[in-house]
Every structure is written in C-alpha cells, then in structure tokens.
Amino acid sequence: IRKNNSRAYLVTYPIVTAIVLNWCDEEGTTECLNSLLKSEYRMLEILLVDNGSTDNSFVGLKASFPEIEVLQTGKNLGYAGGNNRGMERALMANPDYVLILNNDTVIDPHAIGKMVELAEKAEGRVGGVVPKILYYHDPERIWYGGGEFSALKGLGIHWQEGHMDQSDRVEEAHLVTFMTGACCLLSVEVVRELKGFDESFFAYVEDADLSLRMTEAGYQMYYQPKARVLHQCPLPGSPPSPFQIRQRDRNRRRIMRKHGSISERPIFLLRFFVSRIILLVKYSLTRDWERARAILNGMGFG
C-alpha cells in the first residue's frame with residue numbers, strides 16, 4: 001500500500017517464480033538460493049527442482065530451506081527437461097513471469113526488479129529479459145552482455161564476452177536475438193505458447209533454440225544491463241569438458257537442421273567439420289583422448 005496526498009492506494013507487482021535446478025551440487029545451489037532470498041523483489045516465489053541427484057544434495061537442500069517449495073523429477077532430465085518440469089509446476093500457481101536461473105549463479109538483490117520493470121515498460125510483445133552476467137571469480141569481467149544467434153557457428157554468441165565491465169560506461173537496455181539460459185526472465189505467455197525448452201537438446205544450445213522459436217513466434221527479447229548476475233563458470237581460455245564438447249557439437253548440428261535455411265546449412269557444416277578436424281588433430285597430438293573421442297561423438301561418429 002502506498003500513500004499519496006494522504007490517500008492510500010493499492011499497488012500490485014507482477015508475480016515472479018524463480019526456478020533453480022539442482023543436480024548433485026548442494027554447495028552451489030545453496031549460494032544461489034540464498035541470493036534469491038536476499039532479493040528486494042517481494043513478489044517472488046522460489047521453486048527448487050532436483051534433477052534426480054545421485055548424492056544427498058536434495059536431502060540437504062530440503063533441510064536447509066524448509067520455506068522453499070521443492071520438486072523432485074526422479075531422474076536426470078537434462079537442463080531442458082528439468083527446467084520444463086519446473087515451469088509446468090510454476091504455471092499451476094499462475095505467476096506473471098518465470099525466472100530460469102542456473103544453480104551456479106548469484107543474483108544481485110536488485111536484478112529481478114530491474115528485469116521486471118523493463119519487461120513491463122518495453123514496447124512490443126516482450127517474451128523475455130536477460131541481465132548482464134559476469135564471472136563469479138572475476139566479477140569485473142563480462143560473461144554475457146547481450147547476444148545474437150550465429151548461423152555460421154550454430155550457437156548463441158555472447159556480446160562483450162571476456163571484456164572488462166566499465167562502471168563509468170552508460171548502457172541502455174536493448175533488443176537481442178539470443179538469451180542465455182543461465183538467467184532469463186520469461187513471460188508466462190511465451191512459456192505457455194512455446195512449452196519451454198526443446199527437451200531433445202538435453203543440455204547446451206537449448207537456450208538458442210528457444211530464442212529462435214521466440215523470434216519466429218513474434219516475441220521480442222531484451223538485455224537489461226542494470227540487472228547483474230555472477231556466474232561460477234570457467235574463465236576465458238579454459239578448455240571445455242568432454243561432456244560440453246560432445247553435447248554442444250551434437251546440438252549445434254541439431255539446431256541447424258531445425259532452424260537453418262538451405263543456404264545456411266552447407267556453410268555451417270563446412271566450417272563445423274573443418275574446425276572439428278583441426279581440434280581432433282590437436283587433442284590427438286597431445287594425447288587428450290577423452291576430448292578427442294568427444295569431438296568424434298559430437299561430429300556424429302560413435
């Protein structure tokens with residue numbers, strides 16, 4: 001309730017349900033949930049989804065956060081499937097927005113409010129808003145500063161990735177064509193219409209696919225630099241894990257089959273296979289057999 005000229009009136013704020021997906025990472029998820037509980041945005045509900053963790057993390061998290069609603073999927077459905085189960089549960093309570101948040105992130109107390117404010121005021125059919133995301137272990141360095149989909153690479157490209165965050169630089173919110181799934185505020189309208197992530201992706205590139213489907217359906221996506229999130233991910237130059245290589249490469253081919261035009265696909269495939277062969281030779285020469293096998297798997301061999 002607010003007061004103006006001695007008269008009281010009711011102010012309602014959109015309801016946001018934040019979904020945090022855990023899989024065998026009690027420590028990281030705990031820090032993420034604690035950051036959400038410190039959010040200044042009061043119309044916030046939190047849903048913890050456990051993706052069939054094989055350790056005791058789910059038990060520990062339930063005990064540590066008795067005030068938070070929990071959902072157990074029963075098995076590892078991947079990032080796409082686990083978050084979809086969370087969105088299905090969230091929609092039962094009819095929120096206005098769903099916030100997808102990686103469990104290895106820490107969100108600023110003001111971030112949700114800044115994203116909701118933009119979503120409510122921006123022109124057009126707003127499907128989602130993404131924040132500025134910085135490296136947890138180097139919080140002055142940008143991980144995601146907006147983005148676009150590259151048909152040449154079959155990936156969502158992070159603008160400003162690896163650049164230093166300039167505190168004296170004035171940045172305005174603007175449109176993007178790629179929203180990272182690490183943290184994105186989605187309208188309930190887009191979730192209901194598009195049914196969340198495509199679960200065939202399991203993990204990696206599912207956010208690029210959703211971004212493309214949002215664009216095709218006539219929704220707009222915005223980047224809000226005033227909202228800030230820290231992401232516990234490897235710093236620039238760190239080699240990807242074999243799982244990342246295999247999944248990302250498989251899904252790059254999948255997304256181009258699904259969305260690439262007749263003219264885009266051959267150019268993508270030429271660049272993809274040439275670059276993969278170069279990496280295969282590199283990993284083989286250094287006897288990094290796990291990554292070499294992952295390259296082959298990602299190319300569709302084995």
Side-chain angles (χ1 to χ4, degrees), residues 21 23-25 49 51-52 54 73 75-87 100 102-104 143-144 147-158 161 177-182 184 194-216 231 233-234 236-286 288-302:
L21 182 66
W23 188 74
C24 301
D25 184 15
V49 181
N51 225 3
T54 53
T73 67
K75 62 179 180 179
N76 188 355
L77 301 175
Y79 194 76
N83 275 306
N84 279 357
R85 297 295 91 73
M87 284 187 271
I100 302 296
N102 263 26
N103 75 313
D104 59 358
W143 182 75
Y144 174 91
E148 63 184 315
F149 179 74
S150 168
L152 180 64
K153 297 183 178 180
L155 284 171
I157 303 300
H158 293 205
E161 184 174 9
T177 58
F178 164 66
M179 295 196 316
T180 174
C184 56
L194 302 185
K195 312 300 182 186
F197 296 114
D198 181 341
E199 296 184 24
S200 69
F201 285 83
F202 191 79
Y204 296 106
V205 195
E206 76 290 315
D207 49 6
D209 170 74
L210 179 58
S211 297
L212 289 171
R213 288 190 286 124
M214 288 172 67
T215 299
E216 291 165 1
H231 190 195
C233 57
S238 302
S241 70
F243 177 78
Q244 288 175 313
I245 293 171
R246 180 171 56 253
Q247 280 297 123
R248 187 176 288 132
D249 284 355
R250 284 176 176 174
N251 287 339
R252 289 169 67 190
R253 293 187 292 112
R254 177 178 280 112
I255 199 169
M256 290 306 294
R257 286 196 302 269
K258 185 175 180 181
H259 296 283
S261 67
I262 294 175
S263 60
E264 288 171 337
R265 291 175 196 169
I267 300 172
F268 160 77
L269 288 172
L270 176 62
R271 184 187 184 280
F272 175 82
F273 282 106
V274 169
S275 63
R276 296 309 94 183
I277 290 170
I278 291 171
L279 282 175
L280 178 61
V281 172
K282 172 189 170 182
Y283 289 135
S284 298
L285 289 174
T286 57
D288 190 342
W289 304 122
E290 280 194 87
R291 287 187 172 84
R293 281 192 293 271
I295 290 289
L296 287 171
N297 292 156
M299 294 168 67
F301 304 110

Heavy-atom neighbours of Lys258 NZ exceed 12 at 6.0 Å: yes
Other residues, nucleotides, ligands: >12 heavy atoms within 6.0 Å of Glu264 CD: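 Enclosed.
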Using modelled atom types and a 3.5 Å cut-off, is there a donor and acceptor pairing between side-chain atoms of [X] and backbone atoms of [Y]?
{"X": "Arg276", "Y": "Met299", "answer": "no"}
{"X": "Asn251", "Y": "Ala203", "answer": "yes"}
{"X": "Gln244", "Y": "Pro242", "answer": "no"}
{"X": "Arg246", "Y": "Asn297", "answer": "no"}
{"X": "Asn51", "Y": "Leu77", "answer": "yes"}
{"X": "Asp198", "Y": "Ser200", "answer": "yes"}
{"X": "Asn84", "Y": "Phe197", "answer": "yes"}

Measure the [atom1]-[atom2] distance between [X] and [Y] for me, rounded to the nearest 0.5 Å.
{"X": "Arg248", "Y": "Lys153", "atom1": "CZ", "atom2": "NZ", "result": "11.5 Å"}
{"X": "Phe272", "Y": "Ile277", "atom1": "CZ", "atom2": "CD1", "result": "10.0 Å"}
{"X": "Ile255", "Y": "Phe149", "atom1": "CD1", "atom2": "CZ", "result": "4.5 Å"}
{"X": "Leu212", "Y": "Phe178", "atom1": "CG", "atom2": "CZ", "result": "9.5 Å"}
{"X": "Leu155", "Y": "Met256", "atom1": "CG", "atom2": "CE", "result": "10.0 Å"}
{"X": "Ile295", "Y": "Tyr283", "atom1": "CD1", "atom2": "OH", "result": "5.5 Å"}

Any non-hydrogen side-chain atom of [X] less than 4.5 Å from a side-chain atom of [Y]?
{"X": "Glu161", "Y": "Trp143", "result": "yes"}
{"X": "Arg213", "Y": "Lys195", "result": "no"}
{"X": "Leu21", "Y": "Val49", "result": "yes"}
{"X": "Leu279", "Y": "Lys282", "result": "yes"}

Residue pair Asp209, Arg254: steps toward the side chain to side chain contact (heavy atoms under 4.5 Å, CB included) verdict: CA-CA 10 Å; Asp209 170 74; Arg254 177 178 280 112; over 6 Å; no
Side-chain donor-acceptor pair present, Asp207, Tyr79, cut-off under 3.5 Å: no
Donor on one side chain, acceptor on other, Asp288 and Thr286, under 3.5 Å: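 Checked: Asp288/Thr286 side chains show no N/O donor-acceptor pair below 3.5 Å.
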Lys NZ or Arg CZ of Arg252 over Phe268 ring: under 6.0 Å, within 45°: no
Where is the tightest heavy-atom contact between [X] and [Y], given as atom of each residue plus distance?
{"X": "Ala182", "Y": "His231", "result": "CB-CE1, 4.3 Å"}
{"X": "Ser284", "Y": "Ala292", "result": "OG-CB, 4.1 Å"}
{"X": "Met179", "Y": "Cys184", "result": "CE-CB, 4.1 Å"}
{"X": "Arg291", "Y": "Ser241", "result": "NH2-CA, 4.2 Å"}

Arg253/Asp249 ion pair, N-O < 4.0 Å: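 Looking at Asp249 together with Arg253, the answer is no, because their closest N to O distance does not fall below 4.0 Å.
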Side chain to side chain contact (heavy atoms under 4.5 Å, CB included) evaluation trace for Gln247 with Glu206: CA-CA 11 Å; Gln247 280 297 123; Glu206 76 290 315; over 6 Å; no
